[in-house]
Amino acid sequence: MMLQALARHAWLACPDCPPARQARRQFFQLELLHNLVIAISPFIVTLALVLLIVRWSSAPRPRRTNGTAKRTPEGTPEGTGDASDV
Amino acid sequence: MRATSEPRTPGPLVGAGLMLGIGLGGFADGILLHQILQWHNMLSSRVPPTTLVAMKYNMIWDGLFHAGTWSVTAVGIGLLFRAGRRADSVWSGRVLLGAMVGGWGLFNLVEGLLDHQILGVHHVHPGAGQLAWDLGFLISGPVLMALGAALAGGGRARADSHRPEPSRTDGA
């Protein structure tokens, strides 16, 4: 109780006290849209890059062999299963 | 159960790992830098947190940043679940971990370039030596990305060499 009263007195734990109200007012009044764009832009750019990386990593790649795979008479590994083999 | 000669793609697992890395890396940034050290506040170059009102204002924006990282993490969990259900997806702990580390680095790189260098809305540690802190943060991006790529590449090679596998227990 005493701690709560102390915090309230210091305007730290009081959601309706002037600093909190003023901060909320500033949040809505101080270029809200512009700041939202700024806050979101790193996420948007990163997600676009993630899409590119996923597409690139999903692309078929030549199958590596560990030397034990059976080879066809033409010399290519048999039954590697990658889309590149098709 | 997978067919033995079925081609597998790392795409779904890499996508999930990247999203989880962005989200969890963002949480690491938010918890360590924003909250514990009280640096790196979202709009601290525009409204320096030198008064209680300015601190609370920055705190609201830090909260929105955390909302973003929470959302990305939630999407990552969904993608991981979906990758786990796909028979054609590579299933490897190394690929997942590598993608997560890479995602963290990717976000650090983009965030460092955009917010610190181009827009200048905040700095890692404002004040004396802020450029050094910003560059350190920026460099952590490519370093983590290279580490993640090495881990994921090794994991994919292992997963390929362990094929065919009858169950999901393959890969490290």
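Naming convention: chains lettered A, B, ... in sequence-line order (proteins, then strands); numbering from 1 in each chain.
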(request) With a 4.5 Å cut-off on heavy-atom pairs, point out which of A:E31, A:Q22, A:Q26 contacts chain B the most. (result) A:Q26
(request) Could you pull out the closest heavy-atom pair between B:W61 and A:L36, with the gap in Å? (result) CH2-N, 3.5 Å
(message) So which atom in A:S57 and which in B:P10 form the shortest heavy-atom distance, rounded to 0.1 Å?
(response) O-CG, 3.2 Å
(request) Using the test side chain to side chain contact (heavy atoms under 4.5 Å, CB included), find all partners of B:A152 that sit at least two apart in sequence or belong to another chain. (result) none
(request) Please examine the side chains of B:N58 and A:F27, heavy atoms only from C-beta on, and report whether any two atoms are closer than 4.5 Å. (result) no
(request) Check whether B:M59 gets within reach of chain A through its side chain, its backbone, both or neither, counting any heavy atom under 4.5 Å. (result) neither
Mind listing the side-chain donor-acceptor pairs of residues 38-53 of chain A below 3.5 Å, one per line with the distance, residues two or more places apart or on another chain?
| from | atom 1 | to | atom 2 | distance (Å) |
| --- | --- | --- | --- | --- |
| A:S41 | OG | A:V37 | O | 3.3 |
| A:S41 | OG | A:I38 | O | 3.0 |
| A:T46 | OG1 | A:P42 | O | 2.5 |

Same cluster or not: are [X] and [Y] linked, directly or through other Ile, Leu, Val, Met, Phe, Trp or Tyr residues, by side-chain heavy atoms under 4.5 angstrom apart?
X	Y	answer
B:L147	B:I22	no
B:L113	B:M42	yes
B:M145	B:L24	yes
B:L18	B:W70	yes
A:F28	A:L30	yes

Donor-acceptor contacts, no H, no angles, side chain residues 47-55 of chain B, under 3.5 Å, sequence neighbours left out:
| from | atom 1 | to | atom 2 | distance (Å) |
| --- | --- | --- | --- | --- |
| B:T50 | OG1 | B:P48 | O | 3.4 |
| B:T51 | OG1 | B:A54 | N | 3.1 |

(message) So for A:R24, is it side chain, backbone, both, or neither that comes closer than 4.5 Å to the heavy atoms of chain B?
(response) both
(message) Quick check: under 4.5 Å, non-hydrogen atoms only, which of residues 97-110 of chain B neighbour chain A?
(response) B:L106, B:F107, B:V110
(request) State which residue, out of B:L43, B:L64, B:I60, fulfils the side-chain contact (heavy atoms from CB on, under 4.5 Å) condition with A:N35. (result) B:L43
